[in-house]
Amino acid sequence: MDKNYCVVPVNFTEIESYVIVKQEEAAEAIMQAEKCFFYDTCALRNHMNIANPNPIFEYIKRVGGIIVITRGIIMELCSGDNRLWEQHVNYIKKMRQYGLRVLVIYEEDMKKALEICFTGITEIHTMLSFAVKNAKSKEGAVERTFERNPSLKQALLTNTISKESSLVKRFFQEVRNNKVSGDNLGEELIAICMHMLSNIPEFSSHKYILLTDDRGAITLLGKTIRDVFRYTGKRSITGITTTKLCWLMVKDEIITTKDQVLEILEAGNTGRSIKVLCSEKYELEPSEKTFRLSEFAEKLISDRGLKVYV
């Protein structure tokens with residue numbers, strides 16, 4: 001039996017004062033931020049179990065980042081009983097109390113950010129169409145939605161661009177309504193959102209960052225990254241795993257001890273080993289290596305020639 005999913009948890013009021021939900025305010029926050037960190041379900045669940053997540057918050061704060069949690073991710077977080085867990089609520093509160101801006105927004109709210117730079121509805125629909133064509137999975141929630149709703153598929157994937165004013169909202173709502181247990185709806189819609197946002201002129205690279213510990217999500221995102229670069233020449237999207245985040249925090253001297261690294265890694269690992277795509281000082285290209293958690297934590301601290309990719 002499939003789980004129940006809702007975009008507004010029954011206990012949403014517990015986080016409402018800590019997050020930004022209004023379209024206009026969210027759009028301005030996205031435009032003003034130097035980095036937008038999109039949480040996926042697995043990364044948020046891993047990070048909420050860290051006893052002291054302040055180093056993560058400090059890193060995000062230092063790079064001028066904001067946190068974005070989409071409604072698709074909210075649906076996955078509170079599946080089953082339509083409630084956010086106590087750990088979810090506490091983690092979101094901690095982020096805000098540290099000084100981070102946290103957005104909990106519908107995917108269609110990205111349109112409001114685009115409207116700051118682009119005025120034509122046809123232009124924005126073209127961006128959505130292009131993003132859907134290139135960021136959707138072959139057998140994901142979007143494809144399943146199109147099979148059930150041919151008119152929506154025709155409005156988005158044909159050469160004739162629809163001028164329907166509610167198309168962006170209708171697309172994201174329909175896909176969310178077609179979520180089933182075990183699919184990758186949250187990450188798939190984030191990839192589409194990032195693809196759309198990449199049309200906004202930016203001065204810095206890699207503004208839109210997916211925080212994920214799902215290798216499948218990294219693969220899906222890689223397709224979007226390559227496509228955006230091919231057609232825009234911009235490197236505006238990237239993904240960061242908790243492993244890479246640890247490497248970045250060590251590099252910036254936010255964490256400086258083996259125990260700090262272990263505390264973060266152990267929160268999301270049930271085993272005692274970890275697979276890492278990395279390169280060492282004299283290696284010319286990365287390769288996947290397996291380390292014991294304690295071994296990797298020690299190596300991060302002591303070997304400054306190490307570079308982590310995933």
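Just so it is clear, the values below take in all heavy atoms, side chains as well, and ignore hydrogens, waters and symmetry mates.
Atom NZ of Lys307 has 12 or fewer neighbouring heavy atoms from other residues, nucleotides or ligands inside a 6.0 Å radius. Atom CZ of Arg62 is surrounded by more than 12 heavy atoms from other residues, nucleotides or ligands within 6.0 Å. Enclosure of atom NZ in Lys234 by more than 12 non-hydrogen atoms of other residues, nucleotides or ligands within 6.0 angstrom is indicated. Dense packing is recorded around NZ of Lys133, with more than 12 heavy atoms of other residues, nucleotides or ligands lying under 6.0 Å away.
Relative to the ring axis of Tyr5, Arg71 does not place its NZ or CZ within 45° and under 6.0 Å from the centre.
Contact check for Arg272 versus Glu266: side-chain heavy atoms found under the 4.5 Å cut-off. At a threshold of 4.5 Å between non-hydrogen side-chain atoms, the residues Tyr208 and Lys35 do not count as touching. A heavy-atom distance below 4.5 Å is not found between the side chains of Glu263 and Lys258.
One distance of note links CD of Glu25 with CD1 of Ile20; it measures 4.5 Å at 0.5 Å rounding. Between the NZ atom of Lys136 and the CG atom of Leu156 there is a distance of 11.0 Å, given to the nearest 0.5 Å. Rounded to the nearest 0.5 Å, atoms CG (Asn54) and NZ (Lys61) are 10.0 Å apart. Distance check, rounded to the nearest 0.5 Å: CG of Asn199 to CD of Glu123 gives 8.0 Å.
Checked options Ile105, Val7, Leu84; the residue passing with Ile74 is Leu84 (criterion: side-chain contact (heavy atoms from CB on, under 4.5 Å)). The side-chain contact (heavy atoms from CB on, under 4.5 Å) with Ser198 is formed by just one residue from the set Ile237, Ile225, Thr224; it is Ile237. None of Thr242, Thr241, Thr243 except one satisfies the side chain to side chain donor-acceptor pair (under 3.5 Å) rule with Asp213; the exception is Thr242.
Side-chain contact annotation: His195 with Asn134, donor-acceptor N/O pair under 3.5 Å absent.
Within the 3.5 Å criterion, the main-chain N or O of Ala33 finds a donor-acceptor partner in the side chain of Lys207. Judged by distance alone, the side chain of Asp252 and the main-chain N or O of Ile254 form no donor-acceptor pair under 3.5 Å. The closest donor-acceptor contact from the side chain of Glu188 to the backbone of Ser137 lies under 3.5 Å. A distance-only check finds no donor-acceptor pair linking the side chain of Glu143 to the backbone of Glu139 [under 3.5 Å]. A donor-acceptor contact shorter than 3.5 Å links the side chain of Glu76 to the backbone of Gly186. Judged by distance alone, with hydrogens and angles left aside, the side-chain atoms of Asp303 form no donor-acceptor pair with the main-chain N or O of Leu300 at under 3.5 Å. At distances below 3.5 Å, at least one donor-acceptor pair connects side-chain atoms of Asn177 with backbone N or O atoms of Gln173. His125 contributes a side-chain N or O that, together with a main-chain N or O of Ser162, makes up a donor-acceptor pair within less than 3.5 Å.
Salt bridge status for Lys289 with Glu295: absent, with no side-chain N to carboxylate O gap under 4.0 Å. Electrostatic pairing of Arg176 and Glu108 counts as a salt bridge here, judged by a charged N lying under 4.0 Å from a carboxylate O. Checked for salt-bridge contact, Lys299 and Glu280 meet the test: a charged N lies under 4.0 Å from a carboxylate O. Using a 4.0 Å cut-off between a side-chain N of Lys or Arg and a carboxylate O of Asp or Glu, Asp227 and Arg230 qualify as a salt bridge.
The minimum heavy-atom distance linking Leu211 with Ala43 is given by the pair O-CB, 3.2 Å. Between Ile200 and Ala113, the shortest heavy-atom distance links the atoms CD1-O, 4.1 Å. When all heavy atoms of Glu187 and Ala217 are compared, the closest pair comes out as CG-CB, 3.7 Å. The two residues Thr212 and Cys42 make their nearest non-hydrogen contact at OG1-SG, 3.9 Å. Contact record, Cys117 with Met31: SG-CE, 3.5 Å, taken as the closest heavy-atom pair. Contact record, Leu210 with Met194: N-CE, 3.4 Å, taken as the closest heavy-atom pair.
With sequence neighbours excluded, the residues forming a side-chain contact (heavy atoms from CB on, under 4.5 Å) with Arg304 are Val250, listed by chain and number. Among residues two or more places apart in sequence or in another chain, the side chain to side chain donor-acceptor pair (under 3.5 Å) test is passed with Asn82 by none. In this view, Arg215 and Glu288 satisfy the salt bridge (charged side-chain N to carboxylate O under 4.0 Å, His left out) rule, not counting sequence neighbours.
Ring planes of Tyr39 and His47: perpendicular class, angle over 60° (limits at 30 and 60°). The aromatic rings of Phe37 and Tyr59 sit perpendicular, their planes meeting at an angle over 60°, well past the 30° parallel limit.
Residue pairs that meet the salt bridge (charged side-chain N to carboxylate O under 4.0 Å, His left out) test with at least one member in residues 157-169, sequence neighbours left out, are Glu164-Arg170. Among residues at least two apart or in separate chains, side chain to side chain donor-acceptor pair (under 3.5 Å) pairs with a member in residues 146-158 are Arg148-Asn178, Asn149-Ser151. Listed by first and then second residue, the side chain to side chain donor-acceptor pair (under 3.5 Å) pairs that reach into residues 94-106 are Glu58-Tyr98, sequence neighbours excluded.
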(request) Step by step, work out the side chain to side chain donor-acceptor pair (under 3.5 Å) result for Thr257 and Gln260. (result) CA-CA 5 Å; Thr257 70; Gln260 287 177 305; 3.3 Å; yes
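Ring centroid separation for the pair Tyr231 and Phe130 comes in under the 6.0 Å cut-off. Aromatic pair Phe57/Tyr91: centroids less than 6.0 angstrom apart.
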